[in-house]
Amino acid sequence: MSTLPKDARIYVAGHRGLVGSAIVRNLRAKGCTTIIERTHAELDLTDQKAVDAFFAAEKPDYVFLAAAKVGGIHANNAYPAEFIRDNLAIQTNIIHAAHIHKVQRLLFLGSSCIYPKLAPQPMKEEHLLTGALEATNRPYALAKIAGIEMCWAYNRQYGTQFLAAMPTNLYGPGDNYHPDNSHVIPALIRKFHEAKASGAPTVTVWGTGTPRREFLYSDDMADACVYLMSLAEAPYTALLGQDRNDGLAPLVNIGVGHDLSIRELAEAVAKTVGFTGSLTFDTTKPDGTMRKLMDVSRMTAIGWQASTSFEDGLKSAYADFQANVIQKP
Ligand SMILES: NC(=O)C1=CN([C@@H]2O[C@H](COP(=O)(O)OP(=O)(O)OC[C@H]3O[C@@H](n4cnc5c(N)ncnc54)[C@H](OP(=O)(O)O)[C@@H]3O)[C@@H](O)[C@H]2O)C=CC1
Ligand SMILES: C[C@H]1O[C@H](OP(=O)(O)OP(=O)(O)OC[C@H]2O[C@@H](n3cnc4c(=O)[nH]c(N)nc43)[C@H](O)[C@@H]2O)[C@@H](O)[C@@H](O)C1=O
């Protein structure tokens, strides 16, 4: 295991997001001194010319591609055009500029929803493109699949070293707590907190409560990303797979390797928040994929595993909500 040179020029795209902010924390803790950041207002990553000019000026050595149009099941369903358009544009602009401006390594973040709706469980990297996708997030998933293929194509044609990491569902400090557009954990934190505060007797959970999800804490996700970017040459190129003839994309799953039902999740969030009322399930809302458990054996084989317990992760996510969301005017 080698490390990122402390003086390397490291661009974290999406540095104010859930994952990007955790990557910046991780890099700073490891002593990296030259972290390049741009807000959305400073650099619109869908603008190809602006992205190229930025790479020409800043010349990053390493790129974490954690900027994307992101949201939960409702947002994906409600804004499908934005999810495919923004994600295709952001990732195309950054991956191409990274090639032109000779970035040493790039880590592209996808999502577990790239795998078929009915993929065997746990889902392995080789299950990519073996079946139909889940309808609620197909535009987003197809953009992410195009990003993986683009990393692979550039590696083959131009000899770049671009790797794609597929995280499971994430949560943690700085999450999006929007009541409708967020993912399930921040949504439930808000719902249970507001119900407790108002004395409401019941909280409505979307869907049947039977789908299963796997959750990874954002600081663990960031640690996995930095671990991958810090790998010595041989294990890194082994993940890229350029020397193999097995037809596998430069792809690695990141997760915890176990899941729970949405009902069990809701009960855990209620306990964390201290809500003692009942749950109601709104079955007019979509369940989405019934199960998407990651096979994380590629990460464990290279010596990485998540370290935050679900109980601790939920506690710190709720603490973040209390400190940074409800305290704000
Ligand atoms: N959260 C999750 O559960 C999961 C996330 N992922 C993936 O992980 C990555 C990070 O996600 P996450 O941190 O949760 O997302 P967030 O929404 O928290 O952060 C995304 C970041 O990208 C920035 N961004 C979006 N569009 C643009 C743009 N056009 N120009 C410049 N910046 C832009 C956002 O800035 P601004 O807010 O100002 O627009 C924000 O800082 C993404 O690739 C996502 O697909 C994968 C699986 C699960
Ligand atoms: C990370 C992943 O995120 C999205 O997929 P998803 O896993 O289905 O995301 P979700 O977190 O929004 O929901 C998980 C489950 O939870 C249920 N659920 C209950 N109650 C609430 C609720 O109040 N809010 C939400 N959002 N969901 C709820 C909900 O019905 C579903 O069964 C993708 O679009 C895609 O973007 C992607 O990659």
Side-chain angles (χ1 to χ4, degrees), residues 12-23 37-47 50-51 54 64-78 80 82-83 85-87 89-91 93-94 107-115 134-141 143-144 147 164-172 174-192 203-216 218 221-222 225 254-255 261-263 265-266 269 279 281-292 294:
V12 181
H15 72 284
R16 295 211 291 200
L18 174 67
V19 178
S21 60
I23 291 174
E37 305 170 343
R38 289 292 185 282
T39 63
H40 192 159
E42 289 164 344
L43 175 63
D44 180 354
L45 294 166
T46 65
D47 179 339
V51 171
F54 163 75
F64 290 89
L65 208 179
K69 172 83 182 166
V70 182
I73 193 166
H74 170 75
N76 272 267
N77 238 346
E82 288 174 40
F83 273 81
R85 186 258 174 192
D86 284 11
N87 286 315
I90 292 169
Q91 67 204 34
N93 293 341
I94 293 184
L107 188 68
F108 167 65
L109 299 191
S111 164
S112 59
C113 69
I114 57 150
Y115 293 114
E134 155 62 25
T136 53
N137 53 36
R138 192 173 55 232
Y140 172 81
K144 296 294 191 184
M166 297 305 113
T168 187
N169 293 44
L170 306 169
Y171 70 104
D175 213 337
N176 164 17
Y177 295 94
H178 189 280
D180 300 321
N181 293 335
S182 64
H183 290 103
V184 61
I185 289 185
L188 291 183
I189 286 176
R190 175 180 283 282
K191 284 184 186 176
F192 284 117
V203 161
T204 301
V205 177
W206 294 353
T208 60
T210 54
R212 300 183 71 81
R213 293 290 183 272
E214 175 187 6
F215 296 100
L216 177 68
S218 57
M221 175 60 196
C225 292
I254 305 183
S261 72
I262 294 300
R263 177 189 285 277
L265 170 72
V269 177
L279 304 180
F281 289 90
D282 178 356
T283 55
T284 65
K285 294 283 196 300
D287 273 337
T289 309
M290 289 312 287
R291 195 172 190 203
K292 42 179 174 175
M294 292 287 215

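FYI, the numbering just counts along the sequence from 1. Both counts, for ligands and for their atoms, begin at 1 and track the order of listing.
- Around ligand 2 you find Gly71, Gly72, Ile73, Asn76, Ser111, Cys113, Asn137, Tyr140, Asn169, Ser182, His183, Val184, Ala187, Lys191, Val205, Trp206, Pro211, Arg213, Ile262, Pro286, Asp287, Lys292, each with a heavy-atom distance below 4.0 Å.
- A search for side chain to side chain contact (heavy atoms under 4.5 Å, CB included) contacts involving Lys191 returns Leu188, Val203, Trp206, not counting sequence neighbours.
- Among the atoms of Leu18, some N or O lies under 3.5 angstrom from an N or O of ligand 1.
- Comparing Pro167, Gly71, Ser182, Gly172 against atom 47 (C) of ligand 1, the shortest heavy-atom distance belongs to Pro167.
- Protein heavy atom at the shortest distance from atom 30 (N) of ligand 1 is Leu45 N, 2.9 Å.
- Counting heavy atoms under 4.0 Å from ligand 1, residue Lys144 touches it through the side chain alone.
- For ligand 1, the atoms closer than 4.0 angstrom to any heavy atom of His183 are 1 (N), 2 (C), 3 (O).
- Per-residue contacts place Leu43 under 4.0 angstrom from the following atoms of ligand 1 (heavy atoms of the residue considered): 30 (N), 31 (C).
- Contacts with ligand 1 closer than 4.0 Å are made by heavy atoms of both the backbone and the side chain of His40.
- For atom 33 (C) of ligand 1, a protein heavy-atom neighbour is present inside the 4.0 Å cut-off.
- Residue contacts with ligand 1 for Val70 involve side-chain atoms from C-beta outward but no N, CA, C or O (heavy atoms, distance under 4.0 Å).
- Ligand 1 has no nitrogen or oxygen under 3.5 angstrom from a nitrogen or oxygen of Ile90.
- Atom 41 (O) of ligand 1 is approached by the protein to below 4.0 angstrom, counting heavy atoms only.
- Which of Ala165, Cys225, Ala68, Gly14 comes nearest to atom 24 (N) of ligand 1 through a heavy atom is settled by distance: it is Ala68.
- Residue-ligand proximity: Thr46 is placed with a non-hydrogen atom under 4.0 Å from ligand 1.
- Checked against a 3.5 angstrom limit, the closest N/O atoms of Ser112 and ligand 1 fall outside it.
- Each of the atoms 22 (O) of ligand 1 lies under 4.0 Å from some heavy atom of Ala67.
- Using a 4.0 Å cut-off between heavy atoms, Tyr140 contacts ligand 1 through its side chain alone, with no backbone atom that close.
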